[in-house]
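Below: the structure, in structure tokens.
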Amino acid sequence: MKIYLDPGHGGNDPGAVGHGLTEKEVVWTITTHITSLLQNNYGDVKVKMSRSQYEGRSLAARTKEANSWKADLFLSIHCNASGGMGNGYEDFIYHQLAPWSRTAGIQQVMHKEISKAAGLRDRGSKSADFHVLRETNMPALLTENGFIDHPGDAAKMRTNEWYRQVAEGHVLGLEKAFSLNKKGSTSKDKYLIIAGSFHNKEYAQLLSATLHKASINVSVSKVHIQGRNWYRVQTPAFPKRLAAEMHLQGIKECGIKDAYIIQV
Ligand SMILES: [Zn+2]
């Protein structure tokens, strides 16, 4: 899978500031930790970052690049500020998405892992009309990792340990939400989704093309059942049922209401 990692702000735009810290630097460190954890531990992940360490980049340039790269997820990393009043962790998806949308499912899984790992107050899962959430063609999540102008949160941002924990929370969330396989793990695939079965190969290919347009990874496989050939439109196998269920949601959102999970 392709993950577009977006450390917020950069260049002339420091983002939030407080206690001698700047958001652009804090989120840069979190993002590079996430990148190396993903690249070192998972075999099937490609990562692209929206900016380099000192570079500034417009929001439009970032979303445009993620769209043309055809990322499977846009993950934007930020931290918050509120005049010293607020503290804690929260994350956002686009405000017009339904609570049962695939993106909301991804948010739920990732929120649980990040809020646990970051050791910050849990402010909950939220939605908003942010550019990077609205203008992306793929599921997009924006995480707000603590308040840079809050003394308690800012103190955490001064420890290497905290960056490692926050990055691990993001990566574990990604692993669970997208069924990422750890390098060297001999995973036994267990669940796959059948989106449809047809005698006519063309129908199967049409359905497969429709799902591909919605960024759902399926293939057509030929099976022989009771003397007849069937063309089955199916996803790759997921090691965890939860991951299969989340993908099933996405497929149902494309109008394939009778898609179902089988154990293999
Ligand atoms: Zn920000």
Side-chain angles (χ1 to χ4, degrees), residues 3-35 47-67 71 73-95 97 103 106-107 110-111 113-115 117-136 138-159 162-167 169-171 173-174:
I3 301 174
Y4 191 85
L5 272 179
D6 174 37
H9 314 278
N12 294 330
D13 169 17
V17 293
H19 301 278
L21 299 162
T22 59
E23 180 182 357
K24 67 175 179 181
E25 285 164 5
V26 170
V27 300
W28 172 257
T29 308
I30 296 172
T31 310
T32 51
H33 276 66
I34 295 174
T35 302
V47 178
K48 195 189 263 295
M49 281 171 67
S50 64
R51 65 170 171 94
S52 56
Q53 185 167 10
Y54 303 110
E55 186 189 6
R57 222 157 162 221
S58 72
L59 296 177
R62 301 176 199 224
T63 51
K64 224 172 137 185
E65 184 178 61
N67 289 343
L73 177 72
F74 190 103
L75 180 55
S76 194
I77 313 290
H78 288 254
C79 47
N80 238 323
S82 71
M85 301 303 287
N87 69 317
Y89 170 80
E90 63 193 10
D91 43 43
F92 293 87
I93 59 171
Y94 184 48
H95 69 135
L97 290 169
T103 304
I106 293 167
Q107 180 183 30
M110 293 195 55
H111 180 92
E113 297 307 326
I114 303 166
S115 55
L120 301 168
R121 188 165 79 85
D122 185 354
R123 302 171 61 86
S125 291
K126 302 181 177 180
S127 62
D129 186 20
F130 297 150
H131 175 100
V132 296
L133 304 178
R134 187 183 60 241
E135 302 300 329
T136 34
M138 67 291 304
L141 179 72
L142 184 145
T143 65
E144 291 278 5
N145 300 276
F147 282 65
I148 203 164
D149 58 357
H150 180 272
D153 286 6
K156 291 199 167 76
M157 292 174 189
R158 297 187 179 286
T159 65
W162 183 77
Y163 289 95
R164 192 182 57 74
Q165 287 169 343
V166 170
H170 280 78
V171 170
L174 290 168

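Values below: all heavy atoms of this structure, side chains included; hydrogens, waters and symmetry mates excluded. Order of appearance sets the numbers: ligands from 1, and atoms from 1 within every ligand.
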- Message: Using the rule ring-ring contact (aromatic ring centres under 6.0 Å, His included), only one of H150, H78, H111 pairs with Y89; which is it?
- Response: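 Exactly one candidate clears the test, H111.
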
- Message: Between R134 and Y94 (side chain of the first, backbone of the second, donor and acceptor by atom type, cut-off under 3.5 Å), is there such a pair?
- Response: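 Between the backbone of Y94 and the side chain of R134 there is no qualifying donor-acceptor contact (under 3.5 Å).
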
- Message: Nearest N/O/S atom of E23 with respect to the Zn ion (ligand 1), by atom name, please.
- Response: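 Nearest to the Zn ion (ligand 1) within E23's N, O and S set: OE2.
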
- the Zn ion (ligand 1) to H78: nearest N/O/S atom name: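 For H78, the N, O or S atom at the smallest distance from the Zn ion (ligand 1) is ND1.
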
- Please determine if the Zn ion (ligand 1) has an N/O/S atom from H9 lying under 2.8 Å away.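 Yes, since at least one N, O or S atom of H9 sits under 2.8 Å from the Zn ion (ligand 1).
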
- Message: Taking backbone and side chain together, does E144 place any N/O/S atom at a distance below 2.8 Å from the Zn ion (ligand 1)?
- Response: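 Under 2.8 Å: E144 has no N, O or S contact with the Zn ion (ligand 1).
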
- Would you sort out whether D13 and K24 count as a side-chain contact (heavy atoms from CB on, under 4.5 Å), showing the intermediate values? CA-CA 8 Å; D13 169 17; K24 67 175 179 181; over 6 Å; no

- Query: Any side-chain heavy-atom pair from T143 and L75 closer than 4.5 angstrom?
  - Reply: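 Yes - at least one pair of side-chain heavy atoms lies under 4.5 Å apart.
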
